[in-house]
Each structure stands twice: as C-alpha cells, then as structure tokens.
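This report refers to the structure that appears directly beneath it.
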There are 2 protein chains.
Amino acid sequence: MAELFSLLGDPNRLRIVLACLDGPRSVGEIAEEVGASQSLTSHHLRLLRTARLLRPERAGRSVRYVLDDDHVRDVIRTMVSHVCDPHEHRDGEARPDHP
Amino acid sequence: MAELFSLLGDPNRLRIVLACLDGPRSVGEIAEEVGASQSLTSHHLRLLRTARLLRPERAGRSVRYVLDDDHVRDVIRTMVSHVCDPHEHRDGEARPDHP
DNA sequence: GCGATACATGCACACTTGTTCATGTATTCG
DNA sequence: CGAATACATGAACAAGTGTGCATGTATCGC
C-alpha cells in the first residue's frame with residue numbers, strides 16, 4: 001500500500017496518471033502532455049503497470065494506458081479535494097468535545 | 001499533491017498516519033505501535049505536520065497527533081479498498097464493451 | 001521481405017531520502 | 001531551584017530512486 005502511494009508520489013508519475021484520468025492515452029500523448037521524454041515516460045509506465053495502477057491496451061501500433069481500477073480515480077479525486085479545500089469538513093466521525 | 005502522496009509512500013510514515021486514524025496518539029504511543037525509534041518517529045511526524053496531514057495537540061507533557069483533515073482518512077480508506085478488492089467496481093463512468 | 005514508427009529495457013550516475021546517534025528544548029514533579 | 005520525562009532537532013551516512021543515453025523489440029506501410 002505504501003508502495004502505491006510512493007508511486008503516486010513522483011510528480012511525473014502523478015502527471016501520467018492524471019493524464020489517464022480522462023480516458024486511454026497513448027505513450028506518445030502522455031509523454032507530450034507530461035513534458036517528459038519517451039524513455040522516461042515508458043520507465044514510469046512500467047512501474048505503474050507493474051503496480052496495477054495502469055493497464056496497457058494495444059491499439060494498432062501504439063499502446064494506450066488506462067486506469068486499471070476506479071479506486072485510483074477516487075483516491076486522486078479525494079486528494080484533490082484535500083488540496084483545494086483543506087478543511088472543508090474537518091470532523092466526520094465522532095468527536096463531540098472541542099475547545 | 002505529489003508531495004502528499006510521497007509522504008504516505010513511506011511505510012513507517014503510513015503506519016504513523018494509520019495509528020492516528022482511530023484518534024489522537026502521543027508520540028511515545030506511535031513510536032511503540034509503529035515499532036520505530038522515538039527519534040525517527042519524531043522526524044517523520046515533523047514532515048507530516050509540516051505537510052498539514054497531522055496536527056499536534058499539547059496534552060500535559062506529551063504531544064498528541066491527530067489527522068488534520070478527514071480527506072486524508074478518505075484517501076486512505078479508498079486505497080485500502082483498492083488493495084483489498086482490486087476490481088470490485090472496475091467501471092464507473094462509461095465503458096460498455098468488455099471481453 | 002525492408003524501413004519506419006512506437007514503445008520497452010539495461011545500464012550508469014547524480015541526487016534525494018530514511019535512518020541512527022548525539023544533543024537540544026520544554027514540561028512536570030520533588 | 002534541579003532532576004526526570006517527553007519530544008524535537010542537527011549532522012552524517014547508506015541505500016534507494018529518478019533520469020538520460022543507448023539499444024532492443026514489435027507493429028504498420030511499402
């Protein structure tokens with residue numbers, strides 16, 4: 001589990017995953033969108049693929065990557081919320097007493 | 001955002017956060033529960049505190065740490081789901097065709 | 001078949017990062 | 001006050017990791 005977070009912890013890798021949020025993307029598209037070299041992109045894709053975060057789909061002579069699971073989408077979305085509205089809802093379970 | 005994921009990406013740090021999921025914990029308790037030295041625990045707590053993932057509360061002569069935000073709780077919960085039932089709900093938006 | 005395009009992989013290196021040891025600071029009790 | 005407990009911090013080092021370069025493999029068009 002820590003390994004999964006760690007994978008999302010690299011800026012380029014996170015950008016790669018973000019690039020795949022809106023649907024399948026080829027390696028070339030990802031590389032361009034992320035602004036990384038093809039080699040680097042492929043290296044990272046390998047890690048993300050091995051960790052089952054992304055899944056490859058052959059499409060002709062290019063390979064397109066997709067989120068392997070929707071949980072990932074949720075995780076990222078929630079984290080975005082956290083960054084945007086840090087304390088939108090600070091208490092959620094049961095903590096009746098407070099200063 | 002990548003930095004947040006990166007912080008959760010270290011096993012010890014993740015354990016620390018997990019230890020705080022069920023409520024405030026003192027540094028000593030965390031160190032013991034995680035199985036790390038006091039120094040190491042404090043170092044990690046510093047990072048988590050700086051990143052606004054955890055928040056310290058003075059309680060007498062000990063300091064207790066709490067989740068700063070419930071989004072974090074959600075992120076972790078979702079990630080747990082992902083690990084437990086990888087493909088519980090693979091499609092969430094619109095992808096009608098499958099093998 | 002051959003060349004070209006699109007992607008993957010191995011290696012090497014610089015740099016970050018987790019950990020430990022030692023020391024510093026704050027709070028409580030006598 | 002001083003001693004003790006609980007936590008924080010600084011320096012230093014080993015180990016992991018992201019990146020670039022070069023090269024390897026697969027698919028499409030000719």
Side-chain angles (χ1 to χ4, degrees), chain A residues 1-20 22-68 72 76 79 99, chain B residues 1-20 23-68 72 76 79:
Chain A
M1 180 155 161
E3 194 172 331
L4 293 180
F5 279 122
S6 192
L7 285 173
L8 297 177
D10 177 71
N12 283 327
R13 242 154 17 209
L14 182 55
R15 288 189 201 108
I16 290 177
V17 175
L18 289 173
C20 295
D22 298 330
R25 306 278 171 179
S26 76
V27 179
E29 292 171 336
I30 296 176
E32 187 185 13
E33 186 168 339
V34 170
S37 71
Q38 179 268 319
S39 172
L40 180 55
T41 305
S42 203
H43 275 294
H44 285 315
L45 283 172
R46 176 175 163 78
L47 297 176
L48 295 169
R49 171 179 17 127
T50 303
R52 304 251 158 169
L53 285 174
L54 264 51
R55 176 166 37 100
E57 290 176 350
R58 272 230 153 259
R61 104 173 89 179
S62 68
V63 177
R64 306 198 301 175
Y65 281 83
V66 203
L67 285 193
D68 184 81
V72 181
I76 292 183
M79 195 57 110
Chain B
M1 180 154 161
E3 194 173 331
L4 293 180
F5 280 123
S6 191
L7 285 173
L8 297 176
D10 177 70
N12 283 327
R13 242 155 16 210
L14 183 55
R15 287 188 201 109
I16 290 178
V17 175
L18 289 173
C20 295
R25 305 279 172 178
S26 76
V27 179
E29 293 172 336
I30 297 176
E32 188 184 13
E33 186 168 340
V34 169
S37 73
Q38 179 269 318
S39 172
L40 180 55
T41 305
S42 204
H43 275 295
H44 285 315
L45 282 173
R46 176 175 164 76
L47 297 176
L48 295 170
R49 170 176 23 122
T50 304
R52 305 251 158 168
L53 285 174
L54 264 51
R55 176 166 36 100
E57 290 177 351
R58 270 229 154 259
R61 103 171 93 179
S62 67
V63 178
R64 305 198 301 176
Y65 281 83
V66 203
L67 284 194
D68 185 81
V72 182
I76 292 182
M79 196 56 110

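Here is the naming used below: chain letters follow the sequence lines, and residue numbers restart at 1 for every chain.
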Applying side-chain contact (heavy atoms from CB on, under 4.5 Å), can you list everything that pairs with [X], at least two apart in sequence or on another chain?
X	value
A/Glu29	A/Arg25, A/Ser26
B/Asn12	B/Asp10, B/Arg15, B/Val34, B/Leu40, B/His44
B/Ser39	B/Ser37, B/His43

Whole angstroms only, please: what is the [atom1]-[atom2] distance between [X] and [N]?
X	N	atom1	atom2	result
B/Arg25	D/dC7	CZ	C1'	18 Å
B/Leu14	C/dG18	CG	P	13 Å
A/Leu48	C/dA8	CG	C1'	14 Å
A/Arg46	D/dT17	CZ	P	14 Å
A/Leu45	C/dT9	CG	C1'	13 Å

Q. Closest to the A/Ser26 side chain: C/dC7, D/dT9, C/dG18?
A. C/dC7
(Q) Quick check for you: among D/dT9, C/dT19, D/dA8, whose closest atom lies nearest to any side-chain atom of B/His44? (A)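 Output: C/dT19.
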(Q) Applying a 4.0 Å non-hydrogen cut-off, can you work out what A/Arg49 is touching in the nucleic acid: base, sugar-phosphate, or nothing? (A)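 Contact class for A/Arg49: sugar-phosphate only.
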Q.
Under 4.0 Å, counting only non-hydrogen atoms across every strand here, what does A/Ser62 touch: a base, just sugar-phosphate, or nothing?
A. sugar-phosphate
Q: Please list, by residue number, the residues of residues 5-12 of chain A whose heavy atoms come closer than 4.0 Å to an atom of DNA chain D; answer none if no residue qualifies.
A: A/Asp10, A/Asn12
(Q) I need a per-nucleotide contact map over nucleotides 20-30 of chain D, read 5' to 3'. Cutoff is protein heavy atoms under 4.0 Å; write B for the base, S for backbone only, - otherwise. (A) BBB----SB--
Q) Looking only at side-chain N and O atoms, does B/Tyr65 come under 4.0 Å of OP1 or OP2 in D/dA8? A) yes
Q. Is there a donor-acceptor contact under 3.5 Å from the side chain of A/Ser42 to the main chain of A/Gln38?
A.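 No.
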Let me have the donor-acceptor pairs involving side chains of residues 60-67 of chain B, under 3.5 Å, with sequence neighbours excluded, atom names and distances please.
from: B/Ser62; atom 1: OG; to: B/Ala59; atom 2: O; distance (Å): 3.2
from: B/Tyr65; atom 1: OH; to: B/Arg49; atom 2: NE; distance (Å): 3.4

